[in-house]
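Following: one structure in C-alpha cells, then a few remarks.
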Amino acid sequence: MTVPALAQRGVRAEPAKTVSSATGPSLREDLVGWAFAAPFVILFGLFLAFPIVASLLLSFTSFGLSDLQNPIGATFVGLDNYAKLLGDKTFWTALFNTFYFVVVGVPVTLAIGLVIASALDRGVRRFRTAFRVGYYLPVITSIVAIAVVWRFLLNPDVGLVNLVLGAVGIKGPAWLADPVLAMPSIIAMAVWRNLGFAMVVFLAGMQSIPTQLYEAASIDGAGRWQAFRHVTIPMLRPTILFMTVITTIGYLQLFEEPFVMTGGGPLDKTLSVTMYMYQQGFTFFHQGYASALAYVLFLIVAIVAFFQFKFLRSDDA
C-alpha cells in the first residue's frame with residue numbers, strides 16, 4: 001500500500017530511521033567510554049607513565065640528594081651515566097650474578113614444575129587438590145616472610161638443614177656466608193617458591209590437550225614416556241614459551257631474596273642488578289645513575305624476551 005493511500009486512511013507514516021553505526025559511535029558514547037576509563041587513565045598517568053618518563057629524563061642527569069629541593073636544576077650529563085656503566089666493575093658483577101640466577105633457576109623451575117604437573121595430571125589420583133594447594137601456597141605467601149624463614153633454615157649453627165645433616169654425621173656449611181654456596185642457596189629457595197605457579201600453568205595446558213591424542217599414541221604402542229615426549233611436550237610449546245618468558249622476566253628482577261637473606265654478600269656474590277640499582281638510588285642517592293641502571297635492565301629484559309620468542313615459539317604461531 002502506498003504512502004498516499006495510508007494518509008487517506010489516517011495512518012501516519014513514520015520517517016525512516018538513519019543508521020548511525022556505519023559512521024561509528026556518537027560523541028555521547030565516546031564521552032561515556034572515557035568517563036568509565038578515566039579512573040584508570042588518571043592512575044596510570046600519575047603512578048606509571050609519569051614515573052617512567054621522569055626516570056628516563058633523570059638517567060641523562062646527575063640528579064642526586066642535593067637536587068631534591070630543585071629538581072629542575074639538575075645537571076644534564078647526556079650519556080655519561082650509561083658510559084659509566086661500562087667501566088663499573090660492581091655493575092658487571094651484579095649482571096653476572098643475575099644471569100647466573102636466571103640461567104640456572106629458570107630451567108630448574110620449569111622442569112620441576114612440568115614434572116609435578118604431569119604427575120598430578122596423569123599419575124596422582126588421591127589428594128590431588130591437597131597437592132595442588134600445597135605446591136601453590138608459597139606463591140601467594142609474602143616473599144619477605146619466606147626469605148626470613150629460609151635464612152633461619154640455612155643458619156649454620158641452629159638452622160634445620162645443618163641440624164639434619166649433623167644427625168647423619170655431616171657437618172653442614174655456612175650456606176649464605178660461603179661465596180660458592182650463597183647463590184645456589186638463593187636459587188633453591190626461589191625454585192621452591194615459584195614452581196607452584198609453573199605447575200598450575202602447565203597443568204592447565206595439559207588438561208586442554210585432547211585425550212584422543214594419548215589414545216592414538218597408546219594404540220601405536222607408545223609408553224608413558226614416549227607419549228609425554230611426542231604428545232605432551234609438542235602440545236605444550238606455547239605454554240612453555242609463556243612460562244619461560246614470564247619466569248625469565250621475574251628472575252631478571254631478582255631483589256627481595258638477596259636483600260633479605262644476604263644483603264648482596266658475601267663479596268657481592270649475590271648482588272643483583274636491581275639490588276645494585278636500589279643501593280645507588282636510595283643508599284648513595286645517585287638517582288640519575290640508578291635510573292640509567294633501570295633502563296639498561298629494561299633493555300636487557302626486552303632483548304632476552306625477543307630472542308626467546310624468536311627461537312622458542314612454534315612454527316605455526
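Note that the structure is a prediction, hence the values are computed from the model and not measured.
Contact record, Ala177 with Pro266: O-CG, 3.4 Å, taken as the closest heavy-atom pair. Scanning all heavy atoms of the two residues, the minimum distance from Pro138 to Ile146 falls at O-CD1, 3.4 Å. Asp178 and Val180 get closest at one heavy-atom pair: OD1-N, 2.9 Å. Shortest non-hydrogen contact noted between Ala147 and Met261 is O-CG, 3.6 Å. Here the shortest heavy-atom pairing between Leu203 and Ala117 reads CD1-O, 3.5 Å. Of all the heavy atoms in Arg229 and Pro234, the pair that sits closest is O-CD, 3.3 Å.
A donor-acceptor pair is defined here as one N or O able to donate and one able to accept, closer than 3.5 Å; such a pair exists between the side chain of Asn97 and the backbone of Thr93. Using a distance-only test at 3.5 Å, with no hydrogens or angles considered, no donor-acceptor pair links the side chain of Gln207 to the main chain of Ala204. With hydrogens and angles ignored, the 3.5 Å screen pairs no side-chain donor or acceptor of Thr239 with any backbone N or O of Gly205. Remark: side-chain polar atoms of Asn81 are paired, donor with acceptor, to backbone N or O of Thr61 under 3.5 angstrom. Side chain of Asn162 to backbone of Lys171: no donor-acceptor contact under 3.5 angstrom is found. The closest donor-acceptor contact from the side chain of Thr270 to the backbone of Gly264 lies under 3.5 Å. Counting only distance, with no hydrogens or angles, the side chain of Asp220 and the backbone of Ala222 share no donor-acceptor pair below 3.5 Å. Panel note: side chain Asp88, backbone Lys84; no donor-acceptor pair is recorded below 3.5 Å. Formation of a donor-acceptor pair under 3.5 Å by the Ser118 side chain with backbone atoms of Leu114 is not found in this model. Between the side chain of Asp268 and the backbone N or O of Thr90 there is no donor-acceptor pair closer than 3.5 Å.
No side-chain heavy atom of Arg132 sits under 4.5 Å from any side-chain heavy atom of Val200. Residues Ile140 and Leu137 have side chains in contact (heavy-atom distance under 4.5 Å, counting atoms from C-beta outward). Using a 4.5 Å heavy-atom cutoff, the side chains of Leu252 and Phe101 are not in contact. Counting heavy atoms from C-beta on, the side chains of His286 and Gln280 come closer than 4.5 Å. Side-chain contact between Gln287 and Phe285: present, with at least one pair of heavy atoms (C-beta onward) separated by less than 4.5 Å. In this structure, the side chains of Val245 and Ile249 come closer than 4.5 Å at one or more pairs of heavy atoms.
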Set out, in order, the CA-CA distance, both residues' side-chain angles and the distance that settles side chain to side chain contact (heavy atoms under 4.5 Å, CB included) for Thr262 and Ile186, then state yes or no. CA-CA 9 Å; Thr262 62; Ile186 292 179; 4.1 Å; yes
Does Ile52 form a side chain to side chain contact (heavy atoms under 4.5 Å, CB included) with Tyr295? I'd like the steps, not just the answer. CA-CA 10 Å; Ile52 289 175; Tyr295 274 90; 3.4 Å; yes
Start with the C-alpha distance between Phe152 and Val158, add both sets of side-chain angles, then the distance that settles side chain to side chain contact (heavy atoms under 4.5 Å, CB included), and finish with yes or no. CA-CA 8 Å; Phe152 176 76; Val158 297; 4.1 Å; yes
Which is it for Val296 and Leu85 under the side chain to side chain contact (heavy atoms under 4.5 Å, CB included) test, yes or no, and what are the steps along the way? CA-CA 9 Å; Val296 169; Leu85 288 172; 3.4 Å; yes
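With rounding to the nearest 0.5 angstrom, the CG atom of Leu154 is 9.0 Å from the CE atom of Met189. Summarising the geometry, atom CZ belonging to Phe197 is positioned 10.5 Å from atom CG belonging to Leu110; distances are rounded to the nearest 0.5 Å. The CZ atom of Phe242 sits 10.0 Å away from the CZ atom of Phe202 when rounded to the nearest 0.5 Å. Atoms OG and CZ, from Ser142 and Arg193 in turn, are 8.0 Å apart once rounded to the nearest 0.5 Å. Here the straight-line distance linking atom CG of Asp121 with atom CE of Met199 works out to 11.5 Å at 0.5 Å rounding. Once rounded to the nearest 0.5 Å, the distance linking CD of Gln279 with OG1 of Thr274 reads 10.0 Å.
Val144 and Leu254 fall within the same hydrophobic cluster, where Ile, Leu, Val, Met, Phe, Trp and Tyr residues are linked whenever their side-chain heavy atoms come under 4.5 Å apart, directly or through other members. Both Ile233 and Leu120 are part of a single hydrophobic cluster, where members link through side-chain heavy atoms under 4.5 Å apart. Cluster membership for Tyr214 and Val115, using ILVMFWY side-chain heavy atoms within less than 4.5 angstrom, is not shared. Hydrophobic clustering, with ILVMFWY side chains joined whenever heavy atoms are under 4.5 angstrom apart, keeps Leu86 apart from Val77. Hydrophobic clustering, with ILVMFWY side chains joined whenever heavy atoms are under 4.5 angstrom apart, groups Leu293 together with Leu56.
Atom CZ of Phe228 has more than 12 neighbouring heavy atoms from other residues, nucleotides or ligands inside a 6.0 Å radius.
Residue pairs that meet the ring pair (Phe, Tyr, Trp, His ring centres under 6.0 Å) test with at least one member in residues 153-195, sequence neighbours left out, are Trp150-Trp192. Applying the ring pair (Phe, Tyr, Trp, His ring centres under 6.0 Å) rule to pairs touching residues 72-98 yields Phe60-Tyr82, sequence neighbours excluded. Annotation: ring pair (Phe, Tyr, Trp, His ring centres under 6.0 Å) contacts involving residues 259-280, sequence neighbours excluded, comprise Phe255-Phe259, Phe255-Tyr278, Phe259-Tyr278, Tyr278-Phe282.
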